[in-house]
**Q** 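Please read through the structure below; I'll follow up with questions.
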Amino acid sequence: MPDQTQHNLIKATAAWRGWVAVSVMGWMICCILAVSLVADDDVPRGATVRQSNLKQPPSDRFKSVERRLPLHSPVASATRSNKEQRAPIRTAEQVQPVPARGHSVPNVKPVHNVSTADVVPAESEQSWWLKPMMEPMRNDAETLSISLESVLVRTLQHSYQIKFFSDVPLIRETGIVEAEAAFDWYGFLESRWDDTNDPVGSVLTGVPQGGRYKNNQFSSSTGARKRTLAGGQLEAAQSFGFQQSNSVYLVPSPQGTARLSLGYTHPLMRGRGQVYTTSLVCLAQIDKAISEQEFSRQIQSHLMDVARAFWQLHIARATVIQKRRSLKLITNLANQLRERSEIDMAVTQLERADAEIATREAEFTRAITAMRNAEGRLRALVNDPELGSYQDVELIPLDVPLRDSIPIDMQMALTRALQFRPELQQALEQIKAAAIRLDISQNQILPLLNLTTEVYVAGLQGGASVGDAWVDQFSVGGPGYAISSTFEYPLGNRAARTRADRRTLELRQMQAQYETTLKVLKLDVGTAIRELRTSYAEMLAQGKVAEATVAQLSDIVERWNYLSGEDGNGTLILENMLRTQNRVTNAEAAYLKAWVTYNLALINIKKSTGELLQHERMSWKDYYNECEGIKTRTLEKPDLGLQGWRP
């Protein structure tokens, strides 16, 4: 019995001790909860001891940004509206709990209340920037709307580079006339007066011994000569003379003479034949044809540069719109973070937003500089005074890049290139020129053998009667004639043979150049077509990337709206959101670049086949400029308006 009583006592003591332990633990838990509630009532969530040292917004920086932005800029308007109307600050009681991962809380308001429009572009379509980029961005300059067609027309009318290219064929054309002028008639006049007063050393002079021989003689010859197409030299001359002397052998004295002669020299070997004599004319004509092909190539290259500059301005203005929107988004987000700095925002989040503002300000400034440089390059290529300067005129491109897929047949493009590419035509003309030079050099290897013939009539009268002598040459006596030949051949003839070897090597070189040009032409056409297909696929891919990035940013914004400000998750989500905003801007820029690259590839297809001038309906004509007294070439092109690129 005592054992049973002792056992019951031990059990009661153990139960009492357990009850006391449970009571103490419950009391401690209640105290902890009470302290936690009091702390929540006294200190707002997210506040720290550093709240008194929170950095204020760099007001000077925002003011400078406002001054740089246009008056109608959404960034400037957003900054002004945020200064004028501050959003009310919510109290701690208005903060709703955060739903756990995988669960949902009905009718829960987001913690940060960040609108998607503040961090994601409101426009859902990919090319949301097209409309704002076609609106004026500056209030201190006039606006000039331009299209690619109008820019090309202005280029043909005003570009100094085009004028430089246009004069080259006209310069080469003068070489043709110069070569043909070698067969023109040349007039000549030769005169000579001799007054002789020599001592007499021979009785044969007809002067007494010890006297002096005195003789006055005048001779003059006039006529014309020309080079014939057969390679000969034709000359007709009329000579007159007067002579007076104290010699007894000059009878009559004084006397007048007249002589009419016709001479012709014909090459029998070297320099013989019309093919040889007209070779310089053929070379000049080939040089003119080469210059025309070079003119076509240079014009196409220049128009391609103008098209690149136009679309580069399109990209630059769109980039300014994109960067301006990006700056507006981060500015709005920073203002909202600053408004919540007294409630649940961490200092690091606000500092991160301020750093991002500075970065995007720099990018926005760089974008404005790029736009200014793009306008300057376009003006430099066009040289139209109506385009003005950057300070006076704002250029607004109106063309929208083409999105449609344009199929190009490789074989057809190669066939067109063989027909229209100026480089191939140039190579063919250079082969012709090399062949002509080879023929000239082979002709010069031959010996020189010329046959000269001359026929003449002459008259003589005393009393220095030149007129009577001129009449006598036709009525007194008969004609005389002379025949002579000339032969010349250098021993070894090394110079001529070396020139012929050089011309042979040059012809072989031109043939190799033609084959190289043909291969390069095929490569250019193939590269252009592959680039067209690749750029189109890249445009579609970049468009999908931009859409996916925008969707990703929207999801991140939704997560950010339901996160508290002080914990680590909120900071990480903020960082992710800012990075995704930058990725959205970069993806849109990449899509825009791929879009424009596809349109430039379409233009490059026409350039690679040599049809750019025909495609643009360009023509030119040469006319005699009466003011300058020389020929001038003008280029014309119809302005087809805003039709985009016409495949």
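What you see is a predicted model; the values in this text were computed from it and never measured. Start at 1 with the first residue, then count along the sequence.
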**Q** Give the intermediate values and the outcome of side-chain hydrogen bond (donor to acceptor under 3.5 Å, both in side chains) for residues Asp392 and Ser389.
**A** CA-CA 5 Å; Asp392 302 329; Ser389 62; 3.1 Å; yes
**Q** Less than 3.5 Å apart, any donor N or O on the side chain of Arg403 or Ser127 sitting next to an acceptor on the other?
**A** yes
**Q** My understanding is that only residues two or more places apart in sequence, or in another chain, count here; which of them pass side chain to side chain donor-acceptor pair (under 3.5 Å) with Glu531?
**A** none
**Q** Not counting sequence neighbours, list each pair that qualifies as a side-chain hydrogen bond (donor to acceptor under 3.5 Å, both in side chains) and has a residue in residues 372-382.
**A**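 Qualifying pairs: Glu375-Arg379.
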**Q** May I ask you to check whether Thr609 and Glu611 show a side-chain donor-acceptor distance below 3.5 Å?
**A**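 Thr609 vs Glu611: donor-acceptor pair found between side chains.
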**Q** Run the side chain to side chain contact (heavy atoms under 4.5 Å, CB included) test against Thr534 and tell me which residues pass, sequence neighbours left out.
**A**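 Here no residue qualifies.
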**Q** Tell me which one of Arg366, Met137, Arg325 satisfies side-chain contact (heavy atoms from CB on, under 4.5 Å) with Val320.
**A**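 Result for side-chain contact (heavy atoms from CB on, under 4.5 Å) with Val320: Met137.
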**Q** Strictly below 4.0 Å, N to O, side chains only: are Glu616 and Lys606 in salt-bridge contact?
**A** no
**Q** Mind checking what makes side chain to side chain donor-acceptor pair (under 3.5 Å) contact with Arg297, not counting sequence neighbours?
**A** Glu294
**Q** With Ile573 as reference, evaluate Val557, Ile556, Leu578 under the side-chain contact (heavy atoms from CB on, under 4.5 Å) test and give the passing residue.
**A**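 The single option meeting the side-chain contact (heavy atoms from CB on, under 4.5 Å) with Ile573 is Ile556.
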**Q** Testing the basics here: between Val306 and Leu378, what is the closest heavy-atom pair and its distance to 0.1 Å?
**A**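 Closest approach of Val306 to Leu378, heavy atoms only: O-CD1, 4.0 Å.
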**Q** Check side chain to side chain donor-acceptor pair (under 3.5 Å) between Thr319 and all other residues, then give those that pass, not counting sequence neighbours.
**A** none
**Q** Is there a donor-acceptor contact under 3.5 Å linking the side chains of Glu588 and Trp128?
**A**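 Short answer, yes.
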**Q** We want to know whether His302 and Thr155 form a side-chain donor-acceptor pair, criterion being a heavy-atom distance below 3.5 angstrom.
**A** no
**Q** Mind checking side chain to side chain donor-acceptor pair (under 3.5 Å) for Glu356 and listing every partner two or more places apart, or none if nothing turns up?
**A** Arg352, Arg360, Asn582
**Q** Residues in side chain to side chain contact (heavy atoms under 4.5 Å, CB included) with Thr415, at least two apart?
**A** Gln411
**Q** Identify, with sequence neighbours excluded, every residue that meets ring pair (Phe, Tyr, Trp, His ring centres under 6.0 Å) alongside Tyr536.
**A**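 Testing Tyr536 for ring pair (Phe, Tyr, Trp, His ring centres under 6.0 Å), a comparison that skips the adjacent residues, returns Tyr598.
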**Q** Output all residues satisfying side chain to side chain contact (heavy atoms under 4.5 Å, CB included) with Leu418, sequence neighbours left out; order by chain, then residue number.
**A**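 Listed in chain order: Leu424, Leu518, Leu521.
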**Q** Which residues pass the salt bridge (charged side-chain N to carboxylate O under 4.0 Å, His left out) test with Glu142, sequence neighbours left out?
**A** none
**Q** Heavy atoms only: give me the nearest Phe310-Val151 pair and the separation to one decimal.
**A** CD1-CG2, 4.0 Å
**Q** How close do Val393 and Ala141 get, counting heavy atoms only, and between which atoms?
**A**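 The answer is N-CB, 4.1 Å.
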**Q** Applying side chain to side chain contact (heavy atoms under 4.5 Å, CB included), can you list everything that pairs with Arg579, at least two apart in sequence or on another chain?
**A**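 Result, side chain to side chain contact (heavy atoms under 4.5 Å, CB included) vs Arg579: Glu575, Arg583.
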**Q** Does one side chain, of Gln300 or Ser296, offer a donor that lies under 3.5 Å from an acceptor on the other?
**A** yes
**Q** Which residues pass the salt bridge (charged side-chain N to carboxylate O under 4.0 Å, His left out) test with Asp305, sequence neighbours left out?
**A**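 Per chain and number, Asp305 pairs via salt bridge (charged side-chain N to carboxylate O under 4.0 Å, His left out) with Arg308.
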